Colleague: 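Okay, here's the structure, questions in a sec.
Proteins get letters first, then strands, A, B, ... in listed order; numbering begins at 1 in each. Quick caveat: nothing in here was measured; it's all calculated off a predicted structure. For the numbers below, each heavy atom of this structure counts, side chains included, while hydrogens, waters and symmetry mates do not.
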Amino acid sequence: MVQAIYISDIGNHEGHEVSLNGWLYNKRSSGKLHFLQLRDGTGTIQCVMFKGDVSPDMFQQADHLPQESSLTVTGTVRADARSPIGFEVSVKSLTVHQLAHEYPITPKEHGVAFLLDHRHLWLRSARQHAILRVRSEIIGACRDYFDDHGFTLLDAPIFTPAACEGTTTLFPVKYFDDTVYLTQSGQLYMEAGAMAFGKVYCFGPTFRAEKSKTRRHLTEFWMIEPEVAYCDLNGDMDLAEDFIEYVVQRVLTKRQKELTALERDLPKLANIKKPFPRISYGEAIELLQKKGIDIQWGADFGGDDETIISESFDRPVIIHRYPTENKAFYMKADPENPKVALCMDVLGPEGYGEIIGGGQREDDLALLEKKIRDHGLPEQAFSWYLDLRRYGSVPHAGFGMGIERMVSWLTGLHHVREAIPFPRMLERVTP
RNA sequence: UCCUCGGUAGCUCAAUCGGCAGAGCAAUCGGCUGUUAACCGAUAGGUUGUAGGUUCGAGUCCCACCCGAGGAGCCA
């Protein structure tokens, strides 16, 4: 019995006969030989079949293999300087598991709409493969970071009774005779967790029913949210900075092959090291004004404004202390200047926009009650949350990081839709 | 929700002023002993998003709707 191996492991089998289980990625023919590009999920390798080496039937069959047919190829591993991976397989026999129907995604150009309609097949292409392996590494790095720094994973619920922030649109779900909503953040639950465990994080899907139609938005995305008791805004920024540095450097080390395949500028990522520049909202406004932008204190940053700010630095920039007005009710006002909140955003470089948003939470019961009233929120729905301020309230802080935006930044994507296996967007929920 | 652009063969696109519906790739058949999005020859492939209207004649002009892409606002 010939040993079945993965293509990623091919280098350990030079000169030996092996079997490869996979799918036909592409095929070329030259009369008396066939070049079969076989992929198995770990890589792609060229399998060369000479007419004299196999039966006439097998050679004829190999000439009529549709793209993505499932195959087992048996042959001898041979070093070859012409191969991009250094090896080829000289085919001795071929088993066809299924002759694929005509495959819609050809090795030519396709439009985005067509590819998204065939997302379940698009995942097989080399570029998508590289992106999603980087995503997998990013998620692994995020979890390892928090696990190794004393955090406890505490899963937040997906069904929630009310808005976390009131302003953002939620997806209603029929829940027996009631209506509940798909979560838009696990934060409030993480605050409960921080009071119980000290340091916690959650990682799960998040839903926003905003009718956003931009390269940075999905209606369903994955967010990782740490929350730390006895932590202030500065501690929160320290955590975000250390966390991002770890994730970026780890992906750079372990997924260099994928990043190179995606033609990512590696030195730019290697440069992502602590400390990150930290500027206040007010300083960001001044920076924009100096660049000739007509913007006044109190205004929100638009996408273009964020890009201008982030392109002024060679690494992520932390912007802190935004105006309290228009910010979520749970954000703590700065005791030294109540017009601003102890919150922060981390903007990715190269115009990638907001990667992280977070800050210090309001820990005073009376102030929090007042803010809930001022925001017109149903006090009853937040009574459990207010308990956290009744029973041993302490300063605490946290943040949320959008996984897809991180993936987009690190892989250099133009749109977050490629950063998740099956994107959900306005007007697109299939496949 | 608003603004802009688009919808023609399975895919990517062309079709001049309103005048015969076209090409490349994929498919099918044939050729080639080193191809790298292989190449060469041939065959087949169409309700031009939908429904109205103008016209001798509409892929092309007008109206409505559907779908998609890009951007804005909002956010991670």
Colleague: Say you pick atom C1' in B:U55 and the same atom in B:G68; how far apart are they, in whole Å?
Modeller: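 Those two atoms are separated by 31 Å.
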
Colleague: For A:P66 and A:N26, take the nucleotide of RNA chain B holding the closest heavy atom to each; which residue's nucleotide lies nearer the 5' end?
Modeller: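 Closer to the 5' end of RNA chain B: A:P66.
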
Colleague: Just to be sure I understand the rule, does A:D345 reach a base, reach only the sugar-phosphate, or reach nothing, if contact means heavy atoms closer than 4.0 Å?
Modeller: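 Touches nothing.
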
Colleague: Considering heavy-atom distances to RNA chain B, does A:G302 or A:T219 have its closest nucleotide positioned more toward the 5' end?
Modeller: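 Whichever sits nearer the 5' end wins; that is A:G302.
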
Colleague: Assign A:E88 to base, sugar-phosphate, or nothing according to its heavy-atom contacts below 4.0 angstrom with the strands shown.
Modeller: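 It contacts base atoms.
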
Colleague: So that I know where these two stand, are A:Y385 and A:Y330 an aromatic pair - ring centroids less than 6.0 Å apart?
Modeller: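 Ring centres of A:Y330 and A:Y385 not closer than 6.0 Å.
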
Colleague: Which part of the nucleic acid does A:F221 contact within heavy-atom distance under 4.0 Å: base, sugar-phosphate only, or nothing?
Modeller: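 Counting heavy atoms under 4.0 Å across all strands, the contact made by A:F221 includes a base.
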
Colleague: Using side-chain heavy atoms (C-beta onward) and a distance below 4.5 Å, is A:M406 in contact with A:C142?
Modeller: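 Not touching, per the 4.5 Å side-chain cut-off.
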
Colleague: Give A:G353 one of three labels, base, sugar-phosphate or nothing, depending on what nucleic acid heavy atoms sit under 4.0 Å from its own.
Modeller: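 Touches nothing.
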
Colleague: Using a heavy-atom cut-off of 4.0 Å across all strands, would you classify A:H110 as base, sugar-phosphate, or nothing?
Modeller: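 The answer is sugar-phosphate, as A:H110 gets under 4.0 Å only of primed atoms, P, OP1 or OP2.
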
Colleague: Could you tell me the separation between the CD1 atom of A:I319 and the C1' atom of B:A76, rounded to a whole number of Å?
Modeller: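 To the nearest whole Å, that distance equals 15 Å.
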
Colleague: Contacts to RNA chain B from residues 34-46 of chain A, heavy-atom cutoff under 4.0 Å, which residues?
Modeller: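 Only A:F35, A:Q46 qualify.
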
Colleague: Under a 4.0 Å threshold between the charged nitrogen and the carboxylate oxygen, would A:R216 count as salt-bridged to A:E404?
Modeller: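 Result for this pair is no, no salt bridge flagged.
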
Colleague: Whole-Å distance between B:A72 P and A:F301 CZ?
Modeller: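 Answer to the nearest Å: 16 Å.
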
Colleague: How many whole angstroms separate atom NE2 of A:H118 from atom C1' of B:C11?
Modeller: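 Answer to the nearest Å: 10 Å.
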
Colleague: Any side-chain heavy atom of A:F422 within less than 4.5 Å of one from A:P431?
Modeller: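 Heavy-atom side-chain distance check passes, below 4.5 Å.
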
Colleague: Pick the P atom in B:U50 and in B:A42, then give their distance to the nearest Å.
Modeller: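 Those two atoms are separated by 33 Å.
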
Colleague: In this structure, how many angstroms lie between the P atom of B:C11 and the CG atom of A:L121, rounded?
Modeller: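 That distance rounds to 14 Å.
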
Colleague: For A:D242, what residues pass the salt bridge (charged side-chain N to carboxylate O under 4.0 Å, His left out) criterion, not counting sequence neighbours?
Modeller: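 With sequence neighbours excluded, A:D242 shows a salt bridge (charged side-chain N to carboxylate O under 4.0 Å, His left out) to A:K274, given in chain and number order.
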
Colleague: Rounded to whole angstrom, note down the P distance from B:G22 over to B:U16.
Modeller: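 About 13 Å, rounded to a whole number of Å.
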
Colleague: Quantified in whole Å, what is the C1' atom distance between nucleotide B:G10 and nucleotide B:C20?
Modeller: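 Each nucleotide's C1' atom is 25 Å from the other's.
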
Colleague: Salt bridge (Lys or Arg N to Asp or Glu O under 4.0 Å) between A:D238 and A:R278: does it pass, once the steps are laid out?
Modeller: CA-CA 10 Å; A:D238 291 344; A:R278 299 180 185 188; 2.6 Å; yes

Colleague: In whole Å, what is the span from the CD atom of A:Q67 to the C1' atom of B:U28?
Modeller: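 After rounding, the gap between these two atoms is 16 Å.
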
Colleague: Does anything in residues 354-362 of chain A come within less than 4.0 Å of RNA chain B? Heavy atoms only, and list the residues if so.
Modeller: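 Only A:E354, A:I355, A:I356, A:G357 qualify.
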
Colleague: Who pairs with A:Q60 by side-chain contact (heavy atoms from CB on, under 4.5 Å), at least two apart in sequence or on another chain?
Modeller: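 A:Q60 satisfies side-chain contact (heavy atoms from CB on, under 4.5 Å) with A:H64 once adjacent residues are dropped.
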
Colleague: What does the list of N/O pairs under 3.5 Å between the protein and nucleotides 30-33 of chain B look like, with a distance for each?
Modeller:
from	atom 1	to	atom 2	distance (Å)
B:C32	N3	A:G31	N	3.2
B:C32	N4	A:G31	N	3.4
B:U33	OP2	A:K32	N	3.3

Colleague: If I take atom CG in residue A:D304 and atom P in nucleotide B:C74, what distance separates them, rounded to the nearest angstrom?
Modeller: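 About 12 Å, once rounded to whole Å.
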
Colleague: Rounded to the nearest 0.5 Å, what separates atom OG1 in A:T95 from atom CD in A:Q61?
Modeller: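 Those atoms lie 8.5 Å apart.
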
Colleague: A:H396 and side-chain hydrogen bond (donor to acceptor under 3.5 Å, both in side chains): which partner among A:K199, A:E191, A:E362?
Modeller: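 Looking at A:K199, A:E191, A:E362, the match for A:H396 under the side-chain hydrogen bond (donor to acceptor under 3.5 Å, both in side chains) is A:E191.
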
Colleague: For nucleotides B:C17 and B:G53, find the distance between their P atoms and express it as a whole number of Å.
Modeller: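 Taking atom P in both B:C17 and B:G53, they lie 27 Å apart.
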
Colleague: With rounding to the closest Å, how many angstrom separate the P atoms on B:A15 and B:C74?
Modeller: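 These two P atoms come out 40 Å apart once rounded.
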
Colleague: Using the P atom as the point on both nucleotides, what is the distance between B:U54 and B:C11, in whole Å?
Modeller: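 It works out to 33 Å between them.
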
Colleague: Is any side-chain heavy atom of A:I7 less than 4.5 Å from a side-chain heavy atom of A:F87?
Modeller: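 Result no, sub-4.5 Å side-chain heavy-atom pair not found.
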
Colleague: Tell me every residue that passes ring-ring contact (aromatic ring centres under 6.0 Å, His included) with A:H97, counting only those two or more places apart in sequence or in another chain.
Modeller: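 A:H97 satisfies ring-ring contact (aromatic ring centres under 6.0 Å, His included) with no residue once adjacent residues are dropped.
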
Colleague: Quick one: the side chain of A:R405 and the base of B:C75, do they pair up donor-acceptor inside 3.5 Å?
Modeller: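 Indeed, a donor on one side and an acceptor on the other fall under 3.5 Å apart.
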
Colleague: Can you run through RNA chain B from 5' to 3' and write each base as (, ), [, ], | or . depending on how it pairs? Watson-Crick or G-U wobble, both distances under 3.5 Å.
Modeller: (((((((..((((.....[..)))).(((((.......))))).....((.((..]....)).)))))))))....

Colleague: Determine, using ring centers only, whether A:F207 and A:Y181 are less than 6.0 Å apart.
Modeller: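 No, the ring centres sit 6.0 Å or more apart.
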
Colleague: Which pairs count as side chain to side chain donor-acceptor pair (under 3.5 Å) when at least one residue sits in residues 339-358 of chain A, sequence neighbours excluded?
Modeller: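 Output for this query lists A:R264-A:E350, A:Y322-A:D345.
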
Colleague: Quick check for you: among B:G34, B:C75, B:U12, whose closest atom lies nearest to any side-chain atom of A:R208?
Modeller: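 Between B:G34, B:C75, B:U12, the one nearest the side chain of A:R208 would be B:C75.
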
Colleague: Sort and list the pairs that fulfil ring-ring contact (aromatic ring centres under 6.0 Å, His included) and have at least one residue in residues 34-58 of chain A, not counting sequence neighbours.
Modeller: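 Output for this query lists A:H34-A:F59.
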
Colleague: Quantified in whole Å, what is the P atom distance between nucleotide B:A21 and nucleotide B:C66?
Modeller: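 It comes out at 31 Å once rounded to the nearest Å.
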
Colleague: Taking the side chain as every heavy atom from C-beta outward, state whether A:H320 and A:L233 have any atom pair closer than 4.5 Å.
Modeller: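 Yes, close enough: below the 4.5 Å cut-off.
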
Colleague: If we ignore angles and hydrogens, is there a donor and acceptor under 3.5 Å between the side chains of A:E225 and A:Q187?
Modeller: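 Not at all, the side chains of A:E225 and A:Q187 share no donor-acceptor pair under 3.5 Å.
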
Colleague: Looking at the side chain of A:T214, which of B:C75, B:G34, B:A72 is the nearest nucleotide?
Modeller: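 The answer is B:A72, which lies nearest to the side chain.
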
Colleague: For the pair made of NZ in A:K51 and P in B:G34, what is the distance, rounded to whole Å?
Modeller: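 Taking atom P of B:G34 as the reference, NZ of A:K51 is at 15 Å.
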
Colleague: Which whole-number value in Å describes the distance from A:K327 NZ to B:C74 P?
Modeller: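 Checked: the NZ to P distance equals 11 Å.
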
Colleague: Kindly say whether the aromatic ring centers of A:F114 and A:W122 come within a distance under 6.0 Å.
Modeller: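 No, they do not, as the ring centres are separated by 6.0 Å or more.
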
Colleague: Could you go through nucleotides 65-69 of chain B and list every protein N or O atom that sits under 3.5 Å from one of its N or O atoms, giving the distance for each pair?
Modeller:
from	atom 1	to	atom 2	distance (Å)
B:G68	OP1	A:E427	O	2.8

Colleague: Which residue pairs pass the side chain to side chain donor-acceptor pair (under 3.5 Å) test when at least one of the two sits in residues 294-306 of chain A, sequence neighbours left out?
Modeller: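 Listed once each, the pairs would be none.
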
Colleague: Check every atom of B:U1, B:A26, B:U35 against the side chain of A:R28 and return the nucleotide holding the closest atom.
Modeller: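 Out of B:U1, B:A26, B:U35, the nucleotide with an atom closest to A:R28's side chain is B:U35.
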
Colleague: What salt bridge (Lys or Arg N to Asp or Glu O under 4.0 Å) pairs are there with at least one residue in residues 409-424 of chain A, not counting sequence neighbours?
Modeller: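 Qualifying pairs: A:R127-A:E418.
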
